[in-house]
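Input: a single structure, listed below in structure tokens.
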Amino acid sequence: MKLSFQNATIQRDGLTALDQFTAVFDSSNGACAILGANGAGKSTMLAAILGLFPIAEGTILLDETPVTPQNARAIRARVGMVFQDADAQLFNQSVAEDVAFGPTNLGLPPEEVQARTTDALRSMRAEHLAQRDVTRLSCGEKRRVSLAGILAMRPEVILLDEPTSDLDPRACRELASLLQSLPAFQLIATHDLAFARRTCPQCAILQKGKLLASGKASELLENQSLLEEAGLA
Ligand SMILES: Nc1ncnc2c1ncn2[C@@H]1O[C@H](COP(=O)(O)OP(=O)(O)O)[C@@H](O)[C@H]1O
Ligand SMILES: [Mg+2]
């Protein structure tokens with residue numbers, strides 16, 4: 001499966017957040033880290049895949065399907081996003097209710113919702129949290145539960161925006177190993193280079209709304225002058 005940006009331009013509040021951005025993310029190459037300094041356009045790029053911003057110019061394609069308001073439903077059935085702010089993502093009272101929300105909304109029968117909820121919590125090692133209040137979890141637990149809520153919808157692609165921003169080193173390592181165990185194709189916006197190395201064979205570096213470089217993480221992340229140019233070192 002492929003996600004392609006072809007000269008995609010997105011304006012936010014009159015600023016150009018993505019500037020004729022062109023890139024191809026191919027699931028056969030494995031997870032891709034989206035790197036770049038603050039304001040480079042990482043969050044905009046991910047949210048644009050879900051059709052959250054009007055595309056002023058160019059195209060974004062999921063395989064052959066262009067991101068348009070008409071296709072938003074079809075795209076959101078295949079792509080899930082874990083937003084940076086876990087508190088904004090979790091809004092039901094209990095963890096189990098929160099994880100069940102997505103599959104319930106897909107109109108699945110209650111047994112299937114239950115099975116997916118249990119399954120998703122298990123794959124995030126969060127079964128023991130099922131009856132807990134979402135507002136009373138640690139940051140690491142919140143992150144795993146919001147990811148479980150996305151997994152319960154069985155997406156082909158998972159977009160993660162700064163998943164480690166509020167995690168301690170141990171929670172980062174746990175999250176990295178959980179992500180590596182998932183079959184879904186992942187795009188992970190982060191400025192945590194160690195986390196990127198651990199989770200992503202590929203990386204793309206953004207600068208001022210454009211693609212500065214893309215390729216194997218093992219090569220790009222060792223390129224000091226490139227990292228400095230991108231404001232990452
Ligand atoms: N909520 C917002 N409203 C308006 N403009 C925004 C908002 N968030 C980001 N932008 C602008 O969009 C551009 C890209 O930002 P963003 O996608 O958040 O970058 P990154 O995630 O790489 O830090 C920046 O110029 C930023 O000022
Ligand atoms: Mg961001």
Side-chain angles (χ1 to χ4, degrees), residues 3-25 31-62 67 69 72 75-76 79-91 139-140 142-143 146-147 149-150 155 157-167 171-172 175-176 179 185-200 202-215 217 220-221 223 226-233:
L3 266 166
S4 329
F5 287 75
Q6 299 170 350
N7 291 309
T9 296
I10 289 179
Q11 313 271 0
R12 295 183 69 180
D13 282 356
L15 291 169
T16 303
L18 282 191
D19 186 7
Q20 303 207 319
F21 180 78
T22 297
V24 178
F25 303 99
C32 185
I34 312 299
L35 305 171
N38 288 333
K42 304 180 295 296
S43 300
T44 303
M45 193 209 103
L46 293 184
I49 298 168
L50 292 180
L52 297 183
F53 304 116
I55 304 170
E57 246 185 86
T59 335
I60 304 174
L61 296 165
L62 173 59
V67 174
I75 292 198
R76 289 175 202 175
V79 183
M81 180 154 171
V82 180
F83 290 90
Q84 181 168 4
D85 180 3
D87 291 323
Q89 188 135 14
L90 301 169
F91 57 92
C139 294
K142 281 183 184 169
R143 192 64 68 190
S146 35
L147 194 44
I150 297 300
V157 188
I158 304 178
L159 312 173
L160 296 112
D161 196 1
E162 305 280 1
T164 63
S165 55
D166 45 13
L167 303 189
C172 283
L175 182 67
L179 290 176
F185 178 42
Q186 295 159 41
L187 296 186
I188 308 180
T190 182
H191 44 235
D192 180 340
L193 299 185
F195 186 77
R197 277 190 195 91
R198 244 186 229 129
T199 49
C200 297
Q202 296 289 312
C203 83
I205 303 181
L206 276 60
Q207 188 178 48
K208 297 186 180 149
K210 289 187 180 287
L211 184 70
L212 178 65
S214 67
L220 268 56
L221 296 177
N223 184 337
L226 176 66
L227 296 179
E228 275 166 35
E229 184 187 353
L232 295 166

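Just so you know, ligand 1 is whichever comes first in the structure, and atom 1 is the first atom listed for that ligand. Note that the numbering runs from 1 along the sequence shown for the chain.
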- Message: Tell me whether Gln89 contacts the main-chain N or O of Met81 through its side chain, where contact means a donor paired with an acceptor under 3.5 Å.
- Response: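 Present.
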
- Query: Okay, side chain of Asp192, backbone of Ala194: is any donor-acceptor separation there less than 3.5 Å?
  - Reply: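 Answer holds: yes.
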
- Query: Tell me, which residues have any heavy atom less than 4.0 Å from some atom of ligand 1?
  - Reply: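 The 4.0 Å shell around ligand 1 contains Arg12, Asp13, Leu15, Ala17, Ala37, Asn38, Gly39, Ala40, Gly41, Lys42, Ser43, Thr44.
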
Give me the atom names and distance for the closest heavy-atom approach of [X] to [Y].
X      : Y      : answer
Met45  : Leu206 : SD-CD2, 4.2 Å
Pro155 : Val79  : CB-C, 4.2 Å
Ala48  : Val67  : O-CG1, 3.5 Å
Ala31  : Thr199 : CB-O, 3.6 Å
Lys142 : Ala86  : CB-CB, 3.9 Å

- Item | Under 3.5 Å side-chain donor-acceptor pair for Gln6 and Thr22 |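 No donor-acceptor contact under 3.5 Å links the two side chains.
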
- Item | side-chain contact (heavy atoms from CB on, under 4.5 Å) evaluation trace for Leu211 with Phe5 | CA-CA 10 Å; Leu211 184 70; Phe5 287 75; over 6 Å; no

- Item | Sphere of radius 2.8 Å around the Mg ion (ligand 2) - protein N, O or S atoms inside |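 Listed by chain and number: Ser43 OG.
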
